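The structure appears right after this line, and notes come after that.
Just so it is clear, the structure is predicted and the values come from calculations on it, not from any experiment. In what follows, chains are A, B, ... by sequence order, proteins preceding strands, each numbered from 1. The analysis underlying the following values was restricted to heavy atoms, covering all of them including side chains, and did not include hydrogens, waters or symmetry mates.
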Amino acid sequence: MKLALVLWAALALALSSSAQSNEERAAALTFDPARLPRAAEGHWSAWKPSDELPLSVRDSMGVALAAYRESDYAAALVHLHGVLAREPDFPAALYQLGVTHFRLRRYGDGAKAFERFLAAAPGELGATQGLAHCYYSLGDYPRAQAHYERVLAVAAASAEAWRGLGLALLRQGDAQGGLARLDRALELKPDHADALAWRAQALFDLGRPGEALVPLLRSIELAPHEPRPWFLLAQVQSELGREEEAERARTQFRELGALEQEVRAQEGLLLYDPRAIEPLVRLLKLHRASRNSGELRDTLARALRITPLPLELAVEALDSADALGQRDVAVRLAADLEQRFSNTRAAWECLARHFAVVGDAARARQARERAAQL
Amino acid sequence: MPCAAFLALLAQSTPFVLDPAALPGVRTTCGARDKRFIVEVDGGGLALADFDGDGDLDLVVVDGSTLERVQKGEPGLPTRLFLNDGSGRFAPAPEAWSIPPSRWGMGCAVGDVDGDGWLDLYVTHWGRDQLLRNREGKGFEARELACLAGEERWGTSAAFLDFDRDGALDLAVLNYLTFELGKVPPPGGDCRWKGHDVMCGPQGLAAEHDWLLRNQGDGTFSDATAAAKFAPASAAFALGCVTLDYDLDGDTDLYVANDSTPNFLWENQGDGTFREVGLQRGVSHDMNGKEQAGMGIAVGDIDGDRREDLLVTNFSGENNALYMSRGARGFVERSGPAGIGGPSIARLGWGTALADFDLDGRLDGFALNGHVYPQADSPGTDTSYAQPADFYRGLPEGRFAVEPLVDGAPRVLRASTVGDIDGDGDLDLVALELDGEVLVLRNRARTPASEAGPQWLRVELRSPGKNRFALGARVSAKWVGGQRAVEVRTSGGYQSSVPPEVHFGLGAATKVERLEVLWPSGRTSTLENVEGNRVLRIEEPRS
């Protein structure tokens, strides 16, 4: 099924560029998925994930997947609702609905979609784990635990499931049990930054702050922009009586925490409107300022899906491409900026920076002069 | 009924029942029901205290207003006092107790500001706050504080405390944000939540700094905010506060729950100044290092280690945070192991308290819930506008069982206050429903007629100085099967005030073996073999 979906998704990319109207997207977000029609019991009992997509929903599924991949979750919902109206309880659509709701942080709806999917395909691992994630996010830790255990009963090599199980146990106060499961996750994936941080948390909870330092520092090394390990590091150092080190960790946490808060706010806006210009501009600025190249790369890729780029986003995108050393992208963006915004000061100022970065002093000087004239 | 059987019965059901006859038909208003602006969502305040000196607890209800009234320049709805007839039934107080309306009432705090032995009332507003001086149990006299002349911030909770240890009660007033009609955009635009257009704020609006007002010894106040360094680098959206001596160094600290911004722990430096140490002491964020949207605060010694712990109610999608005290080292967040973390994620909590409601010797708690967005009933929110209130039944080893507080019915609740309104020895609860009734929840752990059943002790303190009700005193009790320390305070919950007394549930024990009082003056009193099931008043020794 995966190959078929990928092919159809590729075909659908073109279609998805004609984005859903705002009204359709808004309607999809206020639609209660519980109102989707149900199939007769046993209707999909013979369905297998490798089955071909039914013709009746093939196009819509492709477009939904394409929209999902472009982080346009509301548009994905529009099409998934359409699919499920035509083919009630079609398992592949239910699965995608669960994933999409999870991305939208609508965990209850995500859980319901995965539950309906699992009714047709009992034990399917992806959905079982998705369901576990949903229960965890809803604060239902016992049910999250049960579903992570179901995954592990079949796929004992899933580091993600061991991590999830560890967290579910930690949240229920079983630090020892949580630690053991996190250790299993780290055996399978030693550089799992989040699992390392949670292992440190478990050790701290168990009154072993000295031992918590090693995984914590490794987690920070792997994910230096994450504020949470710094938060825990401050507590650990304080517990060890190293107040100066604790204060340094707090300072780092405050900086990263403030940054993360703003990033979360902007991401929250993009969640429902992935083509909103202001949040994209702001995110590019934030990630560039914090030198978070991973996030900057991802955000730039999201920004470049918008065509044509408005001036403020084009400027920020060019600065970001230069910061990432993406020369081909930068050259293309510079040409676009010069062509479409040649009468704006901001464009020439940006081009002056770009030419300076690429070492073209003459063109940088010319650009500065053009900017000064405007 | 044998005591053990009675305790077993209690363990099976919530101790509260609604008593509609206790306060019939008393409602409050907080804007329109569609909640287009943030000023319409916080609700009013409540206070229980004996204002007329007849030995029972009277009830203050702080009411709000509507945007239409504000636009017309009309005053808000007045704060009202209801007098207790001794049985836990309330009736409107006579005219002498009337309180002139201000723009839009929010919360309140109770304390004896002039040391005359009568409890005074401070009411916060979106608009000018009011101090109501108690004229020796005969009525209120409204005064504006000269030090706040012309100030019209949005006050939320307030707390009386003697921060400078001069014997007179000072006042901390929390302020929320700058709200100007016409300048705050309507729902929509960037004001979205879970894909739905909602009212704007607090994010995107300007937070206001809080105030610390120093009692000049005669019941008048000066603004000590700057001198006491009671101003963080960035203002926060403050909603709830409670006084406590978290580091047990003998002076009163202040904990503040901030909406969408890190919570503050104001550590009293003992020299008339404060230092904000929330992050250092582990009470500013959740265990993930994420700031939460704090609303109300409960305080109590859950594990009997004689250090008070903190419970903070938070926004939906966040767990209520339980910070277990480790003394001067601060706190660790333990809502998960305690069993209240997960179940609180779908809730938006407000009024809260920790007390031994079922009198089994272990602290219980509750959280009043209800969302700020009517849009919470839309698809995909993982929560709802009206929500059931939760009772946290205390279990061994610091764990709680989460049960319905009263009938499991969903309501949009806000402020709460706790006190023994019918004098039967258990603690009753008053809850404010947004745009609805003020509900009296009668505790049936004991009934006035019952001789058997779980035991209790209520302690009232009286000091000879200006802090007559000994706010900040620390009472430690040890009985067969338990021990606990409690500070005397009137702050706590959300926009509310509780009586200046302490209460112990003793379970099956009939007496407190040892009762110690550490007075704010530093003097101590020790009593042994104190019989339970009574109200004990202790006077501070003069030397």
Applying a strict 4.5 Å limit to non-hydrogen atoms, the region of L29(A) in contact with chain B is both

**Polar side chain donor-acceptor pair, Y246(B) to E267(B), under 3.5 angstrom** = yes

Honestly, the part of Y272(A) sitting under 4.5 Å from a heavy atom of chain B is both

Cut-off 4.5 Å, heavy atoms of chain B, and the answer for Y107(A) is both

Under a 4.5 Å heavy-atom criterion, the part of residues 193-205 of chain B in contact with chain A comprises K194(B), G195(B), H196(B), Q203(B)

Ordered numerically, the heavy-atom neighbours of chain A under 4.5 Å found in residues 332-344 of chain B are V332(B), R334(B), G336(B), P337(B), G342(B), P343(B)

Working note: Y68(A) + Y73(A), criterion ring-ring contact (aromatic ring centres under 6.0 Å, His included); need CA distance, chi angles, decisive distance, verdict. CA-CA 5 Å; Y68(A) 176 84; Y73(A) 305 122; 5.4 Å; yes

Whatever's closer than 4.5 Å to a heavy atom in chain B on D174(A) counts as neither

Intermediate values then yes/no, side-chain contact (heavy atoms from CB on, under 4.5 Å), Y148(A) and H133(A) = CA-CA 9 Å; Y148(A) 285 125; H133(A) 288 336; 2.5 Å; yes

If one checks every heavy atom of D32(A) against chain B at 4.5 Å, the contacting part turns out to be both

Residues passing the ring-ring contact (aromatic ring centres under 6.0 Å, His included) test with W198(A), sequence neighbours excluded, are none

Contact list (residues 371-383 of chain B to chain A, heavy-atom gap under 4.5 Å, by number) returns P379(B), G380(B), D382(B)

